[in-house]
Amino acid sequence: MKNKQIAEIFDQIADILEFKGELVFKINAYRRAGRAISELAEDIEDLWREGRLGEISGVGKGLQEKIGEFLTTGQIAELQELAQHVPSGLFELLSVQNFGPKTAALAFKELGVETLTDLQRVLQDGSLAKLPGMGAKKVENIRKGLEFRLSAEERLSIGLVVPIVDEVVAYLKKVGPKIGRLSPAGSVRRGRETVHDIDLLAETDHGADVIKAFTDMPEVTQILGAGDTKGSVILNDRVQIDIRAVPAESFGAALQYFTGSKDHNVHLREIAKKLGYKINEYGIFANDKKIGGDQEEAIYEKLGMSWIPPELREDRGEIEAAQQGHIPQLLQQEDILADLHVHSVYSDGQLTVAEMADAVRARGYRYMAFCDHSRYANYANGMDEKRLLKQIQEIKALNSKMKDFVILTGCEVDILPDGTLDFGDEMLAQLDFVIASIHSGFKTNPTERAIRAMQNPYVDVIGHPTGRLISRREGYDIDVNAIIQEAAKTGTALEINSYWDRLDLSDVNAKLAIDAGVKISINTDAHHPEHLPMMRYGVATARRGWATKGDIINTLTVDELKKWQKRNRIRT
DNA sequence: GCCGTTTTCGGCCCGACTGTTTTCAGTCG
């Protein structure tokens, strides 16, 4: 897919136009189109071939031509042209906080600053400070921004951020003066797989006191700003947290406003304007008279639509759906009855079968499946048939002693480089549940191998189908559409692996699969009880993919699962 | 550059904080 590349080019064009001081509306048009394209579920090349580029919101005639140009020639002439008279490292430079397009243009014109290294130099030798409008504080803020930019990762995985959010929320509830409702907002609330920073919203009549408690937190290593209603800090030199303090009568409006996404909000405010309303973080207003703001639901209601779950707020059609009352009842954590991919000491898990089963049961699930690695995965202490048979016996013995909880026998069987499975059908037939995964030979026909695995009637699920690791690698060179088509054809489920660094399928791919009628299995792939709570990230990812309860096999009871499998296994 | 149940031209979402200003521009979200 070239979606990301094209989105990035539009964003770069916007950066350059901004640097040049062009009309802000033109700049925004490029940014908006870029975001819409990067959020697109479908392959933009397909849309282009089918003449459907105009369906992308914010993409008009001019940008359609540019997309066509890129897909035909591999470049966009306008970008090459524009890039000639701007700093070579412009996009990096603009990623430095407090160093915006105006300052960048000034530093380029007067001092020849083209790269981050140049910026570092002019900060050190004092030449930046001598430019007009550059006071000591401004220069210091740019220096801090550069420092943070050089040390921090671009985006943080949700699994690293959510525990921090939970801690900060707990801390503020304890020490924060007179805080009522306190909620994450922004991309954390939307359940995105990675986030740039953390947004919090506090209900209070004592904003300044709350902001002070916030900036006084022990983990704060830098205060970026602190007013009566807004504070911004960096925690442990790593992650930025912003907080907004609002009175009760504005909390709902502020929650809506700060949850975003930007495109979702812009779209909403356009609708509001047409209806004669104004929305801001303090409420929804008709002729300067406030008609709502305490509850988030009221904002949507006044705009003539149903409430939209935060995970859907990306302006990918959810607003139109809400206007028509077509927002589906999304999957909820409580719908999940089982974790179907858990490891034990039989392969690379850290606890015994009994210990791990206790931990899973303690989370309130009704049943589970152990899917330890097969022998080919010897780096993970993969089981041979003998050990797997022993595990089956152990699980049977445990089941006979347990009430109200069932352990399914299973295996995460390796898809071998030649496309066959690590165990034969005789072995697989003895298992309740089978996940097939690729763990090696990522570059050796992964698509064909996964397709062949799905054609095996005993394979229920393809584990972590695209093989990506969010912080480390792109994933296999796999044709996701082909995988989805075969999954639909064979009745095989695809996994959303909830491990924070995987979230594979991604939300976008999950939506494609669900739209094609493919069932999804959401699992933690837990090797330790600490991993079990990560189910929430998998659920959030599924919700972002518009998943309902009916799309997810983990919501089935054991009997229903068996029925689903039987249908599944009858196929040829 | 996009877009239309007030518009095919003339709009385009809205506000907080900071610093360097002597009334506001720049940056950010």
Side-chain angles (χ1 to χ4, degrees), chain A residues 10 13-14 17-19 21-36 53-67 76 78 93-107 129 131-142 144-145 148 185-188 195-201 207-208 211 215 223-233 240-246 250 253-254 256-285 299 303-304 315:
Chain A
F10 283 177
I13 292 176
L17 295 176
E18 202 166 18
F19 177 83
E22 296 273 345
L23 199 65
V24 68
F25 303 111
K26 187 170 169 182
I27 296 163
N28 287 342
Y30 274 103
R31 291 220 191 278
R32 193 171 171 177
R35 278 195 303 272
L53 285 177
E55 292 177 15
I56 307 170
S57 78
V59 174
K61 199 157 166 283
L63 294 186
Q64 286 179 42
E65 276 172 22
K66 291 199 169 63
I67 293 168
I76 292 178
E78 190 188 352
L93 283 175
L94 292 181
S95 71
V96 174
Q97 272 188 340
N98 308 311
F99 193 73
K102 295 285 188 288
T103 319
L106 184 68
L131 295 181
M134 284 294 172
K137 285 191 175 174
K138 208 163 176 178
V139 170
E140 178 59 13
N141 283 338
I142 293 169
K144 282 180 178 169
F148 188 64
S187 43
V188 172
V195 304
H196 178 252
D197 59 14
I198 298 170
D199 296 298
L200 290 179
L201 187 66
I211 305 299
T215 54
I223 298 173
L224 300 171
D228 288 348
T229 66
K230 187 174 164 180
S232 182
V233 301
Q240 180 177 334
I241 310 191
D242 301 336
I243 194 167
R244 300 289 292 237
V246 296
S250 296
Q256 194 292 313
Y257 186 90
F258 291 113
T259 296
S261 65
K262 190 180 180 72
D263 290 332
H264 176 90
N265 282 358
V266 168
H267 194 162
L268 274 195
R269 272 171 265 154
E270 281 167 1
I271 289 172
K273 199 165 184 176
K274 279 179 197 141
L275 293 172
Y277 298 137
K278 187 178 82 164
I279 316 177
N280 57 29
E281 57 262 60
Y282 300 109
I284 177 164
F285 300 85
I299 309 292
L303 296 181
D315 199 22

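By convention in this document, chain letters (A, B, ...) are assigned in the order of the sequence lines, proteins followed by strands, and residues within each chain are numbered from 1.
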Checklist line | Atom P, compared across B:dG15 and B:dT20: separation rounded to whole Å | finding: 26 Å
Notebook entry, point to check: Which part of the nucleic acid does A:Val96 contact within heavy-atom distance under 4.0 Å: base, sugar-phosphate only, or nothing?
Noted result: sugar-phosphate
Notebook entry, point to check: For the side chain of A:Thr229, counting heavy atoms from C-beta on, which of B:dC17, B:dT27, B:dG19 is nearest?
Noted result: B:dC17
Note to self: Please pick, from B:dG1, B:dG15, B:dG19, the nucleotide with the shortest atom-to-atom distance to any side-chain atom of A:Lys137.
What the structure shows: B:dG19
Note to self: Rounded to whole Å, how long is the line connecting atom CD1 of A:Ile142 with atom P of B:dT27?
What the structure shows: 8 Å
Notebook entry, point to check: NA contact type, A:Asn141, heavy-atom cut-off 4.0 Å: base, sugar-phosphate, or nothing?
Noted result: sugar-phosphate
Checklist line | Along DNA chain B (nearest heavy atom to each residue), the more 5'-positioned of A:Asn98 and A:Lys262 | finding: A:Lys262
Note to self: Just to be sure I understand the rule, does A:Ala254 reach a base, reach only the sugar-phosphate, or reach nothing, if contact means heavy atoms closer than 4.0 Å?
What the structure shows: nothing
Note to self: Using the rule given for side-chain hydrogen bond (donor to acceptor under 3.5 Å, both in side chains), can you reason through A:Asn141 versus A:Gln97, listing the C-alpha separation, both sets of side-chain angles and the distance that settles it, and then say yes or no?
What the structure shows: CA-CA 8 Å; A:Asn141 283 338; A:Gln97 272 188 340; over 6 Å; no
Check: To the nearest angstrom, how far is A:Leu224 atom CG from B:dG26 atom C1'?
Finding: 16 Å
Note to self: Is the shortest side-chain heavy-atom distance between A:Gln240 and A:Ser232 below 4.5 Å?
What the structure shows: yes
Next item on the list: Could you give the distance separating B:dT22 and B:dG26 at their P atoms, to the nearest angstrom?
Entry: 14 Å
Next item on the list: Would you indicate, yes or no, if B:dG1 has its OP1 or OP2 atom less than 4.0 angstrom from a side-chain nitrogen or oxygen of A:Lys26?
Entry: yes
Next item on the list: For the side chain of A:Asp197, starting at C-beta, report the closest nucleotide among B:dA16, B:dG29, B:dC14.
Entry: B:dG29
Next item on the list: Grab the NZ-P distance between A:Lys273 and B:dC2 for me, whole Å please.
Entry: 20 Å
Check: Hey, does A:Phe258 reach any base, or is it just sugar-phosphate, or nothing, if we go heavy atoms under 4.0 Å?
Finding: nothing
Checklist line | Listed nucleotide nearest any side-chain atom of A:Ala29, set B:dG1, B:dG29, B:dT27 | finding: B:dG1
Check: Nearest 0.5 Å, what's the CG-CZ distance between A:Asp199 and A:Arg244?
Finding: 9.5 Å
Notebook entry, point to check: Just checking A:Asp228: base, sugar-phosphate only, or nothing, at a heavy-atom cut-off of under 4.0 Å?
Noted result: sugar-phosphate
Check: Counting side-chain heavy atoms from CB outward, which of B:dG15, B:dC2, B:dG29 is closest to A:Glu281?
Finding: B:dG15
Margin query: If you apply the rule salt bridge (Lys or Arg N to Asp or Glu O under 4.0 Å), what do you find for A:Glu18 with A:Arg31, and how did you get there?
Written below: CA-CA 11 Å; A:Glu18 202 166 18; A:Arg31 291 220 191 278; 2.6 Å; yes
Margin query: Which is more 5' along DNA chain B, the nucleotide nearest A:Ile56 or the one nearest A:Gln97? Just name the residue.
Written below: A:Ile56
Check: Does a side-chain heavy-atom distance below 4.5 Å link A:Ile299 with A:Tyr257?
Finding: no
Next item on the list: Describe the nucleic acid contact of A:Gln240 in one word from base, sugar-phosphate, nothing, applying a heavy-atom distance below 4.0 Å.
Entry: sugar-phosphate
Checklist line | Between P of B:dC3 and CG of A:Leu53, the distance in whole Å | finding: 12 Å
Margin query: Please report the interatomic distance CD1(A:Ile241) to CG(A:Leu224), rounded to the nearest 0.5 Å.
Written below: 11.0 Å
Next item on the list: Measure from the side-chain heavy atoms of A:Pro101 and tell me the nearest of B:dG19, B:dC17, B:dT27.
Entry: B:dT27
Check: Reckon A:Arg244 touches a base, only the sugar-phosphate, or nothing at all at heavy-atom distances under 4.0 Å?
Finding: sugar-phosphate
Item checked: Interatomic distance where CZ belongs to A:Phe25 and P belongs to B:dG10 [whole Å] -> 15 Å
Check: Can a side chain N or O of A:Lys102 be found less than 4.0 Å away from OP1 or OP2 on B:dC24?
Finding: no
Item checked: A:Met134/A:Thr103 under side chain to side chain contact (heavy atoms under 4.5 Å, CB included): CA gap, chis, key distance, verdict -> CA-CA 9 Å; A:Met134 284 294 172; A:Thr103 319; 2.9 Å; yes
Notebook entry, point to check: Taking the side chain of A:Lys66 as heavy atoms from C-beta outward, which of B:dG29, B:dT27, B:dG1 is closest to it?
Noted result: B:dG1
Next item on the list: Using the C1' atoms only, state how far B:dT8 lies from B:dC2, rounded to an integer number of Å.
Entry: 12 Å
Item checked: Pairing partner of B:dT8 (Watson-Crick or G-U wobble, both distances under 3.5 Å) -> none
Checklist line | Interatomic distance at P, B:dA16 relative to B:dC9, whole Å | finding: 37 Å
Next item on the list: Rounded to the nearest angstrom, tell me the gap between atom NZ in A:Lys230 and atom C1' in B:dC14.
Entry: 12 Å
Notebook entry, point to check: If you measure from the C1' atom in B:dT23 to the same atom in B:dT18, how many Å do you get, rounded?
Noted result: 15 Å
Note to self: Please report the distance, rounded to the nearest Å, between CZ in A:Phe99 and C1' in B:dA25.
What the structure shows: 16 Å
Check: What integer number of Å spans the C1' atoms of B:dT6 and B:dG11?
Finding: 12 Å
Next item on the list: Tell me, with the steps shown, if A:Lys230 and A:Asp242 meet side chain to side chain contact (heavy atoms under 4.5 Å, CB included).
Entry: CA-CA 7 Å; A:Lys230 187 174 164 180; A:Asp242 301 336; over 6 Å; no
Next item on the list: Identify whether any heavy atom of A:Thr103 sits under 4.0 Å from a base atom; if not, whether one sits that close to sugar-phosphate; answer base, sugar-phosphate or nothing.
Entry: sugar-phosphate
Checklist line | C1' spacing across the pair B:dC12 / B:dC17, given as an integer number of angstrom | finding: 25 Å
